[in-house]
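Here is the naming used below: chain letters follow the sequence lines, and residue numbers restart at 1 for every chain.
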Protein chains: 2
Amino acid sequence: MASSDRRGPYICGIDAAMDVVSGKWKSLILWELANYGTRRFGELKRGLPGVSEKMLIQHLREMEQDGLLHREVYREVPPKVEYALTEHGRSLNEALGPLGEWGQRRAERLAAEGTPPPA
Amino acid sequence: MASSDRRGPYICGIDAAMDVVSGKWKSLILWELANYGTRRFGELKRGLPGVSEKMLIQHLREMEQDGLLHREVYREVPPKVEYALTEHGRSLNEALGPLGEWGQRRAERLAAEGTPPPA
DNA sequence: TTCAATACTTACCTGGAGGTAAGTATTGAA
DNA sequence: TTCAATACTTACCTCCAGGTAAGTATTGAA
């Protein structure tokens with residue numbers, strides 16, 4: 001969910017899914033964790049160029065509350081925290097597959113049509 | 001795309017798809033048009049309770065520019081305008097299917113867990 | 001005693017998504 | 001001459017997602 005809690009009522013499934021995945025970096029976090037299995041806070045930060053620490057932690061917290069990922073704290077010095085997808089997170093990532101493929105085709109089509117990225 | 005034009009560069013397919021589908025009412029417009037085939041402005045408005053005319057027309061214009069739908073004007077009095085999905089719009093709607101199903105399951109799970117909608 | 005490394009935390013600010021409400025254009029019917 | 005019906009259009013405003021930048025907590029090593 002977004003920081004302004006919703007959790008319904010939803011008018012359709014897309015609505016319910018978007019409530020959980022909308023957020024500038026969430027789908028990328030999902031992708032990163034699906035690819036690497038487990039990632040530390042700093043690794044995620046480096047893997048998402050441009051993300052601010054505030055938004056990264058905020059998104060991670062929301063995704064944890066939404067049951068998409070698990071947070072494991074290792075009491076070491078310096079501190080170490082690992083994030084990993086839950087089963088729900090993995091299934092969401094899979095459900096996003098077709099959308100990603102559609103977007104991929106769109107990007108290729110735009111490129112083929114000679115639409116240069118804006119200056 | 002959002003009113004602040006993006007059209008890339010995209011860092012992944014999800015990104016490219018989200019650029020086109022993010023917007024409070026866009027997935028619902030997609031669903032409405034996929035279900036009815038063709039809809040007039042006023043019909044869409046009545047079909048999306050709560051949408052403002054400003055946002056509806058803005059979303060429709062953006063989706064037209066993104067090649068998702070077609071706008072057909074009938075020179076009559078009173079005026080008549082019909083909207084229908086293009087092939088791209090239809091394929092996007094299909095790509096959203098699994099996400100919608102995931103959201104549906106999530107909504108059912110939340111209901112089963114006894115998470116009442118917020119007051 | 002200070003520093004390095006990691007993972008946050010907090011205060012503050014800006015831009016833009018989206019809402020409200022009133023106005024416009026067209027023309028046949030009453 | 002006014003009104004009804006439809007599809008916008010415009011001005012103005014609010015709220016919040018997200019950014020920046022500085023601060024905190026922990027403790028072993030130098």
Side-chain angles (χ1 to χ4, degrees), chain A residues 1-7 11 15 18-29 32-33 36 38-66 69-84 118, chain B residues 1-7 11 15 18-29 32-33 36 38-66 69-84 118:
Chain A
M1 65 197 174
S3 42
S4 51
D5 315 44
R6 275 212 47 209
R7 289 179 176 279
I11 52 189
D15 190 20
M18 284 297 184
D19 188 28
V20 141
V21 88
S22 75
K24 193 170 178 182
W25 307 93
K26 287 193 179 175
S27 60
L28 293 174
I29 292 172
E32 189 87 0
L33 290 181
Y36 288 93
T38 277
R39 296 241 92 181
R40 298 180 57 176
F41 181 82
E43 290 173 332
L44 282 172
K45 193 188 159 192
R46 270 171 261 123
L48 309 179
V51 72
S52 66
E53 296 188 347
K54 176 198 159 198
M55 283 318 295
L56 180 53
I57 195 84
Q58 184 176 309
H59 280 171
L60 288 170
R61 290 280 145 85
E62 289 169 8
M63 293 171 77
E64 189 190 4
Q65 282 201 18
D66 285 332
L69 55 79
H70 173 73
R71 180 169 175 269
E72 185 81 30
V73 181
Y74 296 84
R75 310 206 117 279
E76 301 172 0
V77 171
K80 173 179 170 184
V81 179
E82 283 188 346
Y83 295 89
Chain B
M1 64 194 171
S3 44
S4 51
D5 315 45
R6 277 212 45 210
R7 288 177 177 283
I11 52 189
D15 191 18
M18 284 297 185
D19 188 27
V20 141
V21 88
S22 75
K24 192 170 178 182
W25 306 94
K26 287 192 179 174
S27 60
L28 293 176
I29 292 172
E32 190 86 1
L33 290 181
Y36 288 93
T38 276
R39 295 243 92 182
R40 298 180 59 177
F41 181 82
E43 289 173 331
L44 283 171
K45 194 188 159 195
R46 270 172 261 124
L48 308 179
V51 72
S52 67
E53 296 188 345
K54 176 198 159 199
M55 284 317 295
L56 180 54
I57 196 82
Q58 184 175 310
H59 280 171
L60 288 170
R61 290 279 145 86
E62 289 169 8
M63 292 170 77
E64 189 189 3
Q65 282 201 18
D66 285 332
L69 54 80
H70 174 72
R71 181 171 175 268
E72 186 81 29
V73 179
Y74 296 83
R75 309 207 118 280
E76 302 173 4
V77 171
K80 174 178 168 184
V81 180
E82 283 188 344
Y83 295 89

Side chain of V81(A) only, please: which of dT10(C), dT6(D), dA7(C) is the nearest?
dA7(C)
Listed partners of K80(A) passing side-chain contact (heavy atoms from CB on, under 4.5 Å), at least two apart
R40(A), Y74(A), E76(A), E82(A)
If you compare every side-chain N and O of R75(A) against the phosphate oxygens of dT27(D) (OP1, OP2), does one of them come in below 4.0 Å?
no
Terminal axes of the helix from dT1(C)-dA30(D) to dA30(C)-dT1(D) (5 end pairs apiece), angle rounded to 10 degrees, sit apart by 40°
Select one nucleotide: of dT6(D), dT26(C), dT26(D), the one nearest the side-chain heavy atoms of P78(B).
dT6(D)
Counterpart residues, side-chain contact (heavy atoms from CB on, under 4.5 Å), relative to V77(A) (two or more places apart)
none
Let me confirm one number: the CG-CD distance from L60(A) to Q58(A), rounded to the nearest 0.5 Å.
10.5 Å
Who passes side chain to side chain donor-acceptor pair (under 3.5 Å) against E72(A), sequence neighbours left out?
H70(A)
What nucleotide, of dT27(D), dT9(D), dT6(D), holds the atom closest to the side chain of I57(B)?
dT9(D)
By nearest atom, which of the nucleotides dG19(C), dA22(D), dT10(C) is closest to the E53(A) side chain?
dA22(D)
Please give, in whole Å, the distance from dG16(C) C1' to D19(B) CG?
15 Å
Looking at residues at least two apart in the chain, or sitting in another chain, which of them share a side chain to side chain donor-acceptor pair (under 3.5 Å) with K45(A)?
E53(A)
When you match S52(A) and R71(B) each to their closest nucleotide on DNA chain D, which lands nearer the 5' end?
R71(B)
With nearest nucleotide decided by heavy atoms, which residue, V77(A) or K24(A), maps closer to the 5′ end of DNA chain D?
K24(A)
Could you walk me through whether F41(B) and L56(B) satisfy the side-chain contact (heavy atoms from CB on, under 4.5 Å) test, starting with their C-alpha distance in whole Å, then the side-chain angles of each, then the deciding distance to 0.1 Å, before giving a yes or no?
CA-CA 9 Å; F41(B) 181 82; L56(B) 180 54; 3.8 Å; yes
Who are the side-chain contact (heavy atoms from CB on, under 4.5 Å) partners of R39(A), not counting sequence neighbours?
E32(A), L33(A), Y36(A), E43(A), L44(A)
d(CD, E76(B); P, dC8(D)) in whole Å
13 Å
Phosphate oxygens OP1/OP2 of dC8(C): is one of them under 4.0 Å from a side-chain N or O of Y83(A)?
yes
Taking only N and O in the side chain of R61(A), is any of them less than 4.0 Å away from OP1 or OP2 of dC8(C)?
yes
How long is the line joining CD of E82(A) and C1' of dA7(C), in whole Å?
13 Å
Using a 4.0 Å cut-off on heavy atoms, which residues in residues 38-51 of chain A reach DNA chain C? List them by number, or say none.
R40(A), F41(A), G42(A)
Could you state the interatomic distance from OG (S27(B)) to CD1 (I11(A)), rounded to the nearest 0.5 Å?
7.5 Å
Separation of atom NZ in K26(B) from atom C1' in dG18(C), rounded to whole Å:
13 Å
For R71(B), the side chain to side chain donor-acceptor pair (under 3.5 Å) test, sequence neighbours excluded, returns Y83(B)
For the pair made of CD in E62(A) and P in dC16(D), what is the distance, rounded to whole Å?
14 Å
Hey, is the side chain of H59(A) poking within less than 4.0 Å of OP1 or OP2 on dA17(D), counting only N and O atoms?
no
Rounded distance (Å) that lies between atom P of dA11(D) and atom CD of Q58(B)
14 Å
Starting at the 5' end of DNA chain C and moving along, which residue's nearest nucleotide shows up first, K54(A) or V73(A)?
V73(A)
Starting from P on dG18(D), measure out to CG on L60(A) and report it in whole angstrom.
13 Å
Can you tell me how far NZ of K24(A) sits from CD1 of I29(A), rounded to the nearest 0.5 angstrom?
12.5 Å
From NZ of K80(A) over to C1' of dG28(D), roughly how many Å is that when rounded to an integer?
17 Å
